[in-house]
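Data first, discussion second: the structure below is written as structure tokens.
Within every chain, numbering begins at 1; the chains are lettered A, B, ... in the order of the sequence lines, protein sequences first and strands thereafter.
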Amino acid sequence: MKYNFKKIEPKWQLKWEEDKLFQAKDKSDKPKFYGLVEFPYPSGAGMHVGHIKAYSSIEVVARKRRMEGYNVLFPIGFDAFGLPAENYAIKTGVHPRVVTDQNIKHFSDQMRQVGFSFDWDRVIDTTEVDYYKWTQWIFLKMFEKGLAYRDKTLVNYCPSCKVVLSNEDSQGGKCDVCHSDVVQKSKDVWYLRITEYADKLLEGLETVDYPENIKQQQVNWIGKSKGAFVDFTLDGIDEKLKIYTTRPDTLFGVTFMVIAPEHPLIEKYADKLKNLDAINAYKAECAKKTEFERTQLVKDKTGVKLEGIEAVNPVNGKKIPIFIADYVMMGYGTGAIMAVPAHDQRDYDFAKAFGVDIIEVIKGGDISQEAYTGDGEMVNSDFLNGYDNKKDSIQRMIEELEKKGIGTGGVQYKMKDWAFNRQRYWGEPIPIVHCETCGNVAVPFEELPLRLPELENFEPGTDGESPLARIESFVNCKCPKCGRDAKRETDTMPQWAGSSWYFLRYIDPHNDDELCAKEKLNYWMPVDWYNGGMEHVTRHMIYSRFWHRFLYDIGVVNTPEPYKKRSAQGLILGPDGDKMSKSKGNVVDPLDIVEEYGADTLRTYVLFMGDYGAATPWNDNSVKGCKRFLDRVATMSEMIKNEPISAELESKLHKTIKKVSSDIEEMKFNTAIAALMTLVNDIYAEGAIDKDNYITFLKLLSPFAPHITEELYESLGGEGYLSVAEWPKFDEAKTVDATKEIGVQVNGKVRGTIVIPADGEKDEVLSIAKADEKIASFLDGKTLVKEIYVPGKILNFVVK
RNA sequence: GCAGGAGUGGCGGAAUGGCAGACGCAUCAGACUCAAAAUCUGACGAGGGCGACCUCGUGUGGGUUCAAGUCCCAUCUCCUGCACCA
């Protein structure tokens with residue numbers, strides 16, 4: 001029976017919303033469930049099928065939880081600051097506020113059409129002043145605690161977008177937004193001291209339920225390494241050159257040093273360098289290269305030897321040359337390394353190219369061929385000789401360094417402090433005033449929000465200055481501390497700011513006095529289940545965990561970690577198996593599917609199409625298959641008979657309740673839906689079902705296809721809403737069969753099947769099997785060596 | 001290079017070490033129809049046999065086991081993230 005989804009879907013969407021069926025209650029005796037999905041950036045293109053898949057998982061869990069009697073918070077909002085709206089404004093002159101409001105309206109309409117059970121009274125928008133007031137508040141708290149600071153450094157700068165980018169936003173030397181080459185530029189930048197939280201972020205991972213790959217990615221991103229800082233002296237100069245190494249025990253194998261081209265040592269001792277021209281020429285060459293090019297040529301080492309300055313190895317007093325080379329980065333460690341060519345491949349390649357000595361200090365490899373990086377017995381290493389594992393030798397060396405005062409044990413992180421500003425209009429203004437006498441002064445908390453001023457020309461300033469810098473009424477102000485004339489910070493916060501704490505605001509979205517009321521936080525936090533994309537695992541997730549941990553440390557929130565459990569959906573690929581993209585023309589618009597097949601079909605399909613975590617190509621025919629399934633469910637209402645169903649069908653129903661219930665918890669939505677399809681096939685085979693059991697089936701399907709099930713329930717005279725009816729329970733006894741069919745193997749090969757009592761003893765099962773004509777023919781004339789019976793599973797005869 | 005994951009029919013994909021291919025799609029056949037669509041029923045890994053059945057089969061090569069898609073070793077390919085990180 002084809003049902004009229006165009007009529008029934010809007011009908012139920014309206015009713016649910018009018019009756020506030022999915023409203024979360026701030027006070028309740030029920031257990032709470034906080035399900036979260038990554039809120040969208042409201043782009044002009046509207047929703048993508050990827051959004052549908054991302055939200056459908058927690059949607060199903062949230063609906064199931066409500067039916068299980070939980071007080072459920074399942075909110076949605078909009079992460080609406082960002083470049084696309086601003087770029088659109090530059091092109092068209094339409095204010096980002098206007099475009100953003102339009103897009104939010106469009107997204108909201110679309111999400112309603114899919115029937116997501118969001119609590120629409122808690123919608124937040126990061127660009128609303130009532131929201132970003134609190135983003136600014138958190139920034140000021142960080143500033144107060146010394147976690148926000150301003151520093152002049154080389155930054156990743158996108159010449160096309162005219163903005164400073166974080167390392168996260170400029171991976172591979174390309175701008176994350178426009179994919180232009182990123183250049184290095186010296187600039188005053190705001191930083192958040194996320195590195196101070198590196199260890200806390202690592203430790204926190206041990207307490208949360210994230211998939212292993214997500215944890216691993218975060219661990220890699222933080223990139224903690226243990227090693228030592230060692231001071232090398234310069235020959236004849238009272239100066240120390242500090243290096244970081246993870247293998248201080250190879251110190252006796254050091255034959256040269258390398259410093260980054262940007263290392264300050266060069267400028268400081270320029271007068272001592274005899275080949276300054278060559279050095280400067282090399283530096284200029286490096287500056288031209290993008291970070292990307294610098295990391296491409298892994299094998300061909302380049303560099304220049306510093307003529308006139310030599311270093312001294314602090315453990316043996318040997319003089320060694322110093323080079324500058326671009327394989328050493330200023331941004332990691334100290335920007336200088338001790339080179340141990342025998343045991344580091346990069347140093348080895350460099351030594352070969354420049355004819356430097358290679359001294360073996362660890363036995364086990366062939367250093368005439370390549371560097372040996374494995375473990376082994378220490379040689380040529382004075383007091384370390386004879387040590388045979390790096391753990392002991394490193395420890396011994398660090399003790400020695402510390403005793404002599406030439407080095408210390410230490411750690412390094414790949415993660416850098418978070419560059420926290422953009423030279424753009426459409427972002428949260430940074431609430432800081434620059435005063436000539438007082439320096440950087442916080443805008444007083446009571447003056448928040450610091451509103452974005454009105455603007456007509458959204459073009460960025462030249463030299464990457466924020467458009468806000470042109471508005472004199474905004475820029476010129478009085479210093480909150482001394483009252484003298486001062487200037488406001490004109491940079492805005494990066495896109496990631498608003499999303500770093502949004503899950504807290506859902507809990508108390510309209511609170512004017514606090515970020516969120518304490519007792520509500522205590523009730524709802526932490527987020528019980530958070531689903532989103534893999535692309536946010538190392539940026540958004542780490543940033544928001546950092547902010548949340550900070551808020552915990554200052555007593556604002558009650559849990560150190562914001563998310564108890566995290567999952568991630570796999571991409572939906574185009575029908576051609578490629579990533580969906582406008583240029584390839586393989587984009588599927590979810591609203592086209594709603595229009596043609598209905599929201600229930602769309603929802604069911606995105607969860608049925610494959611393993612939830614895996615990338616799966618879109619298939620229009622499979623969508624039709626899901627529609628066919630729902631039509632069959634509707635047709636089933638004509639099979640209702642007022643008589644009991646067979647014990648066999650009842651058993652199948654109970655097994656289905658069990659499977660669907662557990663599959664949803666494990667995010668195995670595809671097999672949950674498959675089980676429902678199988679049950680429908682079974683009911684068709686019987687041709688009859690009673691009303692109560694039919695309703696039980698509808699309940700199981702309801703989280704996936706809420707509209708059609710609600711409609712069918714109503715047509716049967718069901719009371720209230722099926723969406724909040726009680727989740728079916730199964731009777732374990734009814735999921736167990738009295739008899740079972742098991743395979744019988746002879747020498748591991750299946751030779752037949754037999755039907756046995758489920759609790760049959762081995763002897764009984766053996767005699768049933770031996771009585772089977774076919775099995776017997778395989779045993780005939782052979783010597784029985786062994787009989788293996790795995791109860792209820794399999795029987796295997798081993799014969800000779 | 002490092003880390004994580006995946007290789008199963010024509011396709012998407014199922015299988016706590018125990019009958020590989022659930023479920024869906026596509027395809028084919030039958031029913032219904034004047035006909036088509038829709039719907040319903042059935043077949044559907046490959047090879048062989050009239051047939052009950054037999055042989056082979058989960059990237060590749062080994063191994064453990066009564067029994068391997070699943071565990072171990074090696075190897076190839078693909079995806080995702082990080083990457084001259086000292």
Side-chain angles (χ1 to χ4, degrees), chain A residues 1-2 171-172 211-221 223-225 227 243-247 250 258 260 294-301 325-329 331-340 344-347 349-350 373 412-415 534-535 537-538 568 570-571 577 604-605 608-611 613-626 628-629 631-632 635 668 670-681 684-685 741-754 773-774 785-799:
Chain A
M1 183 177 78
K2 290 199 186 303
Q171 288 172 27
E212 201 46 47
N213 61 336
I214 291 181
K215 282 192 184 180
Q216 204 53 52
Q217 265 192 47
Q218 295 202 358
V219 168
N220 289 347
W221 187 261
K224 183 174 183 170
S225 79
I243 60 95
Y244 175 73
T245 177
T246 53
R247 291 302 301 271
T250 60
V258 184
R294 250 175 95 163
T295 57
Q296 280 307 82
L297 306 163
V298 178
K299 280 284 167 194
D300 303 327
K301 294 284 180 287
D326 63 0
Y327 81 93
V328 172
M329 307 288 155
Y332 183 80
T334 61
I337 62 159
M338 62 178 216
V340 186
D344 180 291
Q345 193 58 42
R346 293 154 302 169
D347 297 347
D349 294 338
F350 191 90
T373 53
Q412 274 292 303
Y413 304 94
K414 288 185 204 171
M415 185 170 70
M534 284 306 291
E535 69 276 18
V537 163
T538 48
L571 282 181
T604 305
Y605 174 64
F608 179 67
M609 63 194 297
D611 178 345
T616 312
W618 185 269
N619 184 319
D620 279 318
N621 279 321
S622 284
V623 177
K624 287 180 198 163
C626 289
R628 196 172 297 153
F629 163 61
D631 285 336
R632 277 163 73 83
T635 307
K668 289 157 77 175
N670 54 339
T671 50
I673 294 166
L676 291 168
M677 288 173 168
T678 307
L679 185 62
V680 168
N681 293 343
Y684 266 64
E741 193 184 54
I742 63 162
V744 180
Q745 303 179 331
V746 178
N747 285 347
K749 281 201 165 108
V750 178
R751 294 302 184 186
T753 58
I754 54 170
E773 217 173 285
K774 195 180 158 205
V785 181
K786 213 174 181 184
E787 295 154 335
I788 297 149
Y789 175 56
V790 182
K793 299 275 188 195
I794 200 119
L795 179 63
N796 190 9
F797 291 105
V798 184
V799 296

What's the CD-P distance between Gln412(A) and A86(B), to the nearest Å?
9 Å

Distances under 3.5 Å between nitrogen or oxygen atoms of protein and nucleotides 44-48 of chain B:
none

Can you tell me, in whole Å, how much space there is between the C1' of G4(B) and that of A14(B)?
24 Å

Partner of C50(B) by Watson-Crick or G-U wobble geometry, both contacts under 3.5 Å, or none?
none

In whole angstrom, what separates Asn220(A)'s CG from A3(B)'s P?
9 Å

What verdict does the side chain to side chain contact (heavy atoms under 4.5 Å, CB included) test give for Tyr789(A) and Ile742(A), after you've listed the backbone C-alpha separation in whole Å, the side-chain angles of each residue and the deciding distance to 0.1 Å?
CA-CA 10 Å; Tyr789(A) 175 56; Ile742(A) 63 162; 3.8 Å; yes

Looking at Met338(A) and Arg247(A), what are the two nearest heavy atoms and their distance?
CE-O, 3.5 Å

Only pairs with both distances under 3.5 Å count, Watson-Crick or wobble alike; so what is the partner of C23(B) in this structure?
G12(B)

When you compare the side chains of Gln345(A) and Asp349(A), does any donor N or O come within less than 3.5 Å of an acceptor on the partner?
yes

Can you check the distance between G18(B) and C32(B), where both ends of the measurement are the P atom (answer in whole Å)?
45 Å

Where do Val799(A) and Val746(A) come nearest, in terms of heavy atoms and distance?
CG2-CG1, 3.8 Å

Nucleotide forming a Watson-Crick or wobble pair with A68(B), both distances under 3.5 Å
none

With a 4.0 Å cutoff (strictly under), does any side-chain N or O of Tyr244(A) reach OP1 or OP2 of A86(B)?
no

Whole-Å gap separating P (G5(B)) and CG (Leu571(A)):
18 Å

On a whole-Å scale, what distance lies between the C1' atoms belonging to U60(B) and U41(B)?
43 Å

Whole-Å C1' distance, U8(B) and U58(B)
4 Å

Stepwise, does the side chain to side chain contact (heavy atoms under 4.5 Å, CB included) test hold for Leu676(A) with Phe629(A)?
CA-CA 9 Å; Leu676(A) 291 168; Phe629(A) 163 61; 4.0 Å; yes

Taking NZ from Lys2(A) and C1' from A38(B), how many angstroms apart are they, rounded to a whole number?
6 Å

Reading nucleotides 11-29 of chain B from 5' to 3' and marking B where a protein heavy atom lies under 4.0 Å of the base, S where only the sugar-phosphate is that close, and - otherwise, the string is -BSSSB-BBS-BBSSS---

Would you tabulate the pairs of protein nitrogen or oxygen atoms and nucleotide nitrogen or oxygen atoms of nucleotides 56-58 of chain B closer than 3.5 angstrom?
none

Paired to U60(B) by Watson-Crick or G-U wobble criteria (both distances under 3.5 Å) is A74(B)

Does C2(B) have a Watson-Crick or wobble mate here (both distances under 3.5 Å), and if so which one?
G81(B)

For Tyr684(A), which contact category applies under a 4.0 Å heavy-atom criterion: base, sugar-phosphate, or nothing?
sugar-phosphate

Integer-rounded Å distance: A86(B) C1' and Lys224(A) NZ:
18 Å

Mind listing the closest non-hydrogen atom pair of Val328(A) and Ala336(A) along with its distance?
CG1-N, 4.2 Å

Looking only at heavy atoms, what is the nearest atom pair of Gly743(A) and Thr753(A), with distance?
CA-CG2, 4.2 Å

Close side-chain approach of Phe797(A) to Arg751(A), heavy-atom, < 4.5 Å
no

Side chain of Arg346(A) only, please: which of G4(B), C84(B), G81(B) is the nearest?
C84(B)

Can you find a pair of side-chain heavy atoms, one from Thr373(A) and one from Asp344(A), that are under 4.5 Å apart?
no

Under a 3.5 Å cut-off for both distances, is G17(B) Watson-Crick or wobble paired, and to whom?
none

Expressed as a whole number of Å, how far does the P atom of C19(B) sit from that of G10(B)?
23 Å

Decide side chain to side chain contact (heavy atoms under 4.5 Å, CB included) for Val537(A) and Gln218(A); before the verdict, give the C-alpha distance in whole Å, the side-chain angles of both, and the deciding distance to 0.1 Å.
CA-CA 7 Å; Val537(A) 163; Gln218(A) 295 202 358; 3.9 Å; yes

Nucleotide opposite A29(B) in a Watson-Crick or G-U pair, distances under 3.5 Å
U41(B)

Side chains of Asp347(A) and Tyr327(A), donor plus acceptor under 3.5 Å
yes

Closest non-hydrogen contact found for Asp611(A) with Thr616(A) is O-OG1, 4.3 Å

Expressed in angstrom and rounded to an integer, what is the separation of Met415(A) atom CE from G81(B) atom C1'?
17 Å

Using the P atom on both, measure U16(B) against U64(B) and round to a whole Å.
25 Å

Here the pair of heavy atoms bringing Val798(A) nearest to Ile788(A) is CG2-CD1, 4.3 Å

Of Asn213(A) and Gly333(A), the one whose nearest nucleotide on RNA chain B sits closer to the 5' end is Asn213(A)

Indicate yes or no: at least one non-hydrogen side-chain atom of Ile214(A) is less than 4.5 angstrom from one of Met534(A).
yes

Rounded to whole angstrom units, what separation is found between the NZ atom of Lys414(A) and the P atom of A83(B)?
7 Å

Atom pair distance, as rounded to whole Å: NZ in Lys786(A) and P in U65(B):
10 Å

Please report the distance separating the C1' of G7(B) from the corresponding atom of U70(B), rounded so that it comes out in whole Å.
14 Å

A22(B) and C44(B): how far apart are their C1' atoms, nearest whole angstrom?
15 Å

If the glycosidic angle is within 90 degrees of 0 it's syn, otherwise anti, so just tell me which one G17(B) is.
anti

